[in-house]
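Please read the structure below before turning to the comments.
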2 protein chains.
Amino acid sequence: MGIAERKERERADMRRRIVDAAIKMFVEEGYEKVSIRNLADKIEYSPATIYLYYKDKDELLYDVQKEAFAMLAEHFARNLTAADPLERLEQLAWAYIGFYRQNPELYDLMFIIKAPMNAEGEEEKWKNGDSAYDALYHLVAECVEKKVIRFKDPTVAAMSIWAFAHGLISLDLRSRLKVCKLPEKTLNVSIDDSIKAYLDVVRC
Amino acid sequence: MGIAERKERERADMRRRIVDAAIKMFVEEGYEKVSIRNLADKIEYSPATIYLYYKDKDELLYDVQKEAFAMLAEHFARNLTAADPLERLEQLAWAYIGFYRQNPELYDLMFIIKAPMNAEGEEEKWKNGDSAYDALYHLVAECVEKKVIRFKDPTVAAMSIWAFAHGLISLDLRSRLKVCKLPEKTLNVSIDDSIKAYLDVVRC
DNA sequence: CAAATATACTGAACGGTGTTTATTTTCCAA
DNA sequence: TTGGAAAATAAACACCGTTCAGTATATTTG
């Protein structure tokens with residue numbers, strides 16, 4: 001009777017193996033190289049086998065995205081140490097951009113690439129981003145309540161702050177900041193300066 | 001001797017025909033459907049012919065992107081009417097998001113899709129975005145100079161404001177704002193509210 | 001005007017993608 | 001040991017961007 005349980009365990013193990021290989025490929029070789037065939041090669045199975053464990057590539061990427069968000073959550077936990085909410089908000093901002101700089105390909109999957117959002121049938125939810133957004137929301141809500149930032153509504157504040165950071169990052173990731181005509185060397189500096197300036201503007 | 005000129009004109013005409021068809025397909029069918037084969041079908045030539053006029057798809061999309069930026073420039077020209085710089089900055093913000101709502105697929109090509117940035121050899125420039133960025137920069141610089149916004153440095157200010165608007169739009173375009181748990185109906189309202197709140201925060 | 005050459009175009013192929021199906025191999029219970 | 005279920009796969013389908021050999025058309029030359 002332990003057989004059904006073992007089968008289930010083996011199934012979970014295989015899904016783990018697939019997702020782990022995919023994460024590794026994302027980080028080491030980039031999104032473009034993560035094809036079903038390359039992935040199958042990496043885990044030494046045939047491409048068709050992957051479809052016994054995932055209904056399509058979108059569903060697989062949804063799981064990879066989930067893993068990436070778990071990494072972000074851990075990163076936040078390590079870096080959000082201050083007691084003061086405003087200080088913690090600054091730590092959140094730097095942790096966020098720090099995560100992007102360490103894992104640009106994963107950032108892409110989490111916030112830009114369309115594929116993983118096609119999983120989860122019919123606009124139900126998108127649970128993967130919940131933990132990260134909740135962390136932001138509750139922190140921002142505390143800042144609004146204690147009147148340390150110039151926003152009135154916590155939902156609007158959270159959306160705005162997130163949008164600003166994501167906007168900067170995604171323009172950088174897609175080479176659109178070239179237009180600002182800054183020497184390549186000083187571009188990262190300018191991004192950091194923009195974040196500092198934003199925090200100054202937002203602060204009460 | 002008019003032959004060389006006519007040949008050149010015919011070549012330009014063909015490139016026009018290709019770009020026009022591509023723009024049409026972008027707007028009507030979306031990025032995914034714009035394949036060389038579909039495009040060739042649309043203009044009633046063989047796929048190989050397109051490669052006589054464009055070295056690869058990236059170069060073609062670069063020209064489509066250029067066309068899209070021309071449309072944005074026209075959109076700005078129609079909507080930036082106020083004399084007061086702060087008021088004009090608000091008009092710019094609403095014109096920007098208005099353009100996105102009218103042409104989400106083109107916005108994608110202009111600011112998110114990687115392909116067109118692979119054209120133009122070796123990190124030379126990215127001229128397509130110049131006119132739009134210049135419009136933003138000069139307006140923001142005027143606002144900084146006249147001390148109507150809470151930024152000190154115009155470059156940082158322009159980057160920040162652009163990043164905020166783009167962040168909001170690109171999160172919306174890629175369905176990441178789902179996480180904010182707002183009824184679909186009120187999501188657009190929230191985006192508008194965020195922009196209004198941002199303008200309030202930025203204003204002196 | 002005819003022949004030679006340059007130009008414009010295309011059919012077919014190459015190597016890649018995600019995905020499906022028919023078939024084979026492996027495992028486990030009777 | 002054998003029959004049937006489960007797991008894995010080889011091969012194919014329908015796409016994709018791109019290249020190349022070959023054909024048809026237009027132009028220049030003798």
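Here the structure is a predicted model, which is why all the values come from computation and not from measurement. Computation of the quantities below employed the complete heavy-atom set of this structure, encompassing side-chain atoms and omitting hydrogens, waters and symmetry-equivalent molecules. Below, chains carry the letters A, B, ... as their sequence lines are ordered, and counting in each starts from 1.
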Check your understanding: So does B/Asn38 get a side-chain nitrogen or oxygen closer than 4.0 Å to the phosphate oxygens (OP1/OP2) of D/dC15?
Key -> no

Check your understanding: With distance as the sole criterion, is a donor-acceptor pair present between the side chains of B/Tyr133 and B/Trp162 under 3.5 Å?
Key -> no

Review point. Once you round it to whole Å, what is the distance between C1' of C/dG16 and CG of A/Asp41?
Key: 13 Å

Practice item. Flag the pair B/Glu5 and B/Arg9 as a salt bridge only when some basic side-chain nitrogen lies within less than 4.0 angstrom of an acidic carboxylate oxygen. Key: no

Check your understanding: Hey, can you pull the residues of residues 54-67 of chain A with a non-hydrogen atom under 4.0 angstrom from DNA chain D?
Key -> none

Check your understanding: Roughly, in whole Å, what's the span from CD1 in B/Ile113 to P in D/dG17?
Key -> 13 Å

Exercise for review: Answer yes or no: does a side-chain N or O of B/Tyr53 lie under 4.0 Å from OP1 or OP2 of C/dC9?
Suggested key: yes

Review point. In terms of side-chain heavy atoms of B/Ala48, which of D/dA8, D/dT19, D/dG17 is nearest?
Key: D/dT19

Practice item. Respond yes when some side-chain nitrogen or oxygen of B/Arg6 is under 4.0 Å from OP1 or OP2 of D/dT27, and no when none is. Key: yes

Study note, to complete from the structure: A/Ile50 atom CD1 is separated from D/dA7 atom C1', nearest whole Å, by 15 Å

Review point. B/Cys143 and side chain to side chain contact (heavy atoms under 4.5 Å, CB included): which partner among B/Leu89, B/Asp84, B/Val202?
Key: B/Leu89

**Study point:** side-chain N/O B/Ser46 vs C/dG11 OP1/OP2, d < 4.0 Å
**Key:** no

Point to revise | Distance-only donor-acceptor check, side chains B/Tyr107 and B/His166, under 3.5 Å | key: yes

Check your understanding: Any salt bridge between B/Arg16 and B/Glu67, counting N to O under 4.0 Å?
Key -> yes

Point to revise | Separation of atom CG in B/Leu52 from atom C1' in C/dT7, rounded to whole Å | key: 10 Å

Please tabulate, for side-chain N and O atoms in residues 36-44 of chain A, each donor-acceptor pair with protein atoms closer than 3.5 Å (sequence neighbours left out).
{"residue": "A/Asn38", "atom": "ND2", "partner": "A/Lys33", "partner atom": "O", "Å": "2.9"}
{"residue": "A/Asn38", "atom": "ND2", "partner": "A/Ser35", "partner atom": "OG", "Å": "3.4"}
{"residue": "A/Lys42", "atom": "NZ", "partner": "A/Glu29", "partner atom": "OE2", "Å": "2.9"}

Check your understanding: Residues in ring pair (Phe, Tyr, Trp, His ring centres under 6.0 Å) with A/Phe164, at least two apart?
Key -> A/Tyr198

Practice item. Give A/Thr49 one of three labels, base, sugar-phosphate or nothing, depending on what nucleic acid heavy atoms sit under 4.0 Å from its own. Key: base

Practice item. Return the value, rounded to whole Å, for the distance between atom CD of B/Glu32 and atom C1' of C/dG18. Key: 13 Å

Exercise for review: Give a yes or no on whether a donor-acceptor pair under 3.5 Å exists between the nucleobase atoms of C/dG18, that is its base, and the side chain of A/Arg37.
Suggested key: yes

Exercise for review: Provide, to the nearest angstrom, the distance between the CD1 atom belonging to B/Ile36 and the C1' atom belonging to D/dT19.
Suggested key: 13 Å

Exercise for review: Identify which nucleotide among D/dT18, C/dT20, C/dT10 has an atom closest to any side-chain atom of B/Pro47, counting heavy atoms from C-beta outward.
Suggested key: D/dT18

